[in-house]
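Numbers restart at 1 for each chain; the letters A, B, ... are given by sequence-line order, proteins then strands.
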Number of protein chains: 2
Amino acid sequence: MKDCTVYKTLTIIGKKWTLLILFELDRGSAPYKRFNELRAALDTITPKVLVQRLRELEDDGLVVRRVDTTHIPITSEYALTESGTALLRVVAAIKEWGLAYKFDNEACRCTSCKMCGI
Amino acid sequence: MKDCTVYKTLTIIGKKWTLLILFELDRGSAPYKRFNELRAALDTITPKVLVQRLRELEDDGLVVRRVDTTHIPITSEYALTESGTALLRVVAAIKEWGLAYKFDNEACRCTSCKMCGI
DNA sequence: GCCGGCAGTTTCCAGATGGATACCATGAAA
DNA sequence: TTTCATGGTATCCATCTGGAAACTGCCGGC
């Protein structure tokens with residue numbers, strides 16, 4: 001079962017904060033976001049969990065990290081890959097199911113919801 | 001965040017055994033499956049977890065339970081609702097993403113994989 | 001020489017989760 | 001009367017997760 005595509009995918013997106021991080025990276029026009037930028041946007045996330053998720057997403061090819069050493073202080077920047085962008089489109093299908101069959105939550109129909117606004 | 005459609009949906013399908021139970025209910029032609037039938041098919045699941053998941057799925061409207069009191073011993077039977085069937089179609093989108101971008105696992109392309117064979 | 005910002009790291013802790021195992025009530029069959 | 005099958009319960013326990021809070025190294029500015 002641990003070799004299963006669906007199982008592995010759910011293991012990725014099912015973890016707390018993962019989708020919120022992906023949405024945050026998708027937001028706005030600038031593709032790259034800095035570590036503390038994400039940290040501030042996600043408000044109550046702890047740096048431990050943020051760095052944990054970012055490393056996992058990097059390992060899974062959903063996010064790329066680049067380090068800017070030309071300016072001081074050195075900054076880390078993160079962006080979605082094509083794979084990560086594609087996953088957000090899949091999440092839209094999940095949302096559609098939820099709205100159609102279960103949670104008729106108006107707050108989630110608009111784009112202001114951090115999690116559903118895709 | 002706990003009111004979020006995507007979050008709630010992932011909370012449902014992200015739990016261990018949930019999707020396997022849904023797939024098992026979808027398998028074959030008979031819509032209703034008995035408790036011990038599911039238990040045997042899922043092999044290593046414990047009755048505690050199986051009943052836990054079934055109650056959750058019932059509460060979420062993905063599964064219906066009917067009790068047959070006309071025969072002895074009394075049997076409980078479970079079946080997918082329309083909502084549950086629709087969710088399995090969403091899982092297919094997750095699988096497609098996994099196969100396209102990440103896990104090119106041949107075992108998951110065929111229908112023999114319990115988790116991916118939908 | 002101290003302070004502050006960046007990007008983390010480290011340690012410890014509490015709660016949730018699932019697994020193992022044993023147990024239970026019912027009623028028919030042997 | 002014991003045994004069996006069904007559909008669960010009840011208890012205990014190890015593990016896994018994420019949160020809290022403090023700390024680190026680097027360097028530039030004041």
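The separation between B/K33 atom NZ and D/dG7 atom P is 14 Å, rounded to whole Å. Whole-Å rounding puts the A/E37 CD to C/dC6 P distance at 10 Å. The distance between atom CD1 of A/I45 and atom C1' of C/dG8, rounded to the nearest whole Å, is 13 Å. B/I21 places its CD1 atom 15 Å from the P atom of D/dG7, with the value rounded to the nearest Å. Distance A/D68 CG to D/dC26 P: 19 Å, rounded to the nearest Å. Here the C1' atom of nucleotide C/dC6 and the CG atom of A/L54 are 15 Å apart, to the nearest Å. A straight line from CZ of B/F35 to P of D/dT6 spans 11 Å, rounded to a whole angstrom. For the pair A/K16 NZ and D/dG18 C1', the interatomic distance rounds to 7 Å; values are reported in whole Å.
Remark on DNA chain D: of its neighbouring residues A/Q52 and B/R65, the 5'-side contact belongs to B/R65, judged by nearest-heavy-atom nucleotide. In this structure, B/R39 and B/T46 both approach DNA chain C, and ranking their closest nucleotides by distance from the 5' end singles out B/T46.
Of all nucleotides listed (C/dG8, D/dT6, D/dG18), C/dG8 comes nearest to the side chain of A/S76. Listed candidates were D/dG8, D/dG7, C/dG8. Nearest to the side chain of B/R55 is D/dG8. For B/K15, the listed nucleotide lying nearest its side chain is C/dG18; candidates were D/dT6, C/dG18, C/dG8. If you check D/dG7, D/dG19, C/dG27 against the side chain of A/W17, the one that comes closest is D/dG19. Of all nucleotides listed (D/dG18, D/dT9, C/dC6), D/dG18 comes nearest to the side chain of A/R53. Nearest nucleotide to the side chain of A/P73, out of C/dG5, C/dA7, D/dG7: C/dG5. Of the candidates D/dG28, D/dG19, C/dG8, C/dG8 carries the atom nearest the A/P47 side chain, counting heavy atoms from C-beta on. The side chain of A/T75 lies closest to C/dC6 when the candidates are D/dG7, C/dG18, C/dC6.
Looking at B/E56 and B/K15, their side chains come closer than 4.5 Å, going by heavy atoms from C-beta outward. The side-chain heavy atoms of A/L80 and A/L87, taken from C-beta on, include no pair separated by under 4.5 Å. Contact of the A/R66 side chain with the A/D68 side chain is not registered, since no non-hydrogen atoms from C-beta on lie closer than 4.5 Å.
Rounded to 10 degrees, the angle separating the terminal axes of the helix from C/dG1-D/dC30 to C/dA30-D/dT1 is 30°, with each axis obtained from five end pairs.
Proximity of B/T44 to the phosphate of C/dG19: no side-chain N or O atom is located under 4.0 Å from OP1 or OP2. Considering only side-chain N and O atoms, A/Y78 lies under 4.0 angstrom from the phosphate OP1 or OP2 of C/dG8.
Expressed to the nearest 0.5 Å, how far CG of B/L50 lies from CZ of B/R55 amounts to 9.0 Å. Rounding to the nearest 0.5 Å places CD of A/E37 at 13.5 Å from OH of A/Y32.
Checked by atom type and distance alone, the side chain of A/S76 never pairs as donor or acceptor with a backbone atom of A/V67 at under 3.5 Å.
Interface remark: the A/K48 side chain does form a donor-acceptor pair with the D/dG19 base, using a distance-only criterion of under 3.5 Å.
The heavy-atom pair separating A/L25 from A/K33 by the smallest distance is O-NZ, 3.4 Å. Here the closest heavy-atom approach between residue B/T9 and residue A/G98 is recorded as OG1-CA, 4.2 Å.
Using a 4.0 Å heavy-atom distance criterion, A/I74 is classed as a sugar-phosphate-only contact.
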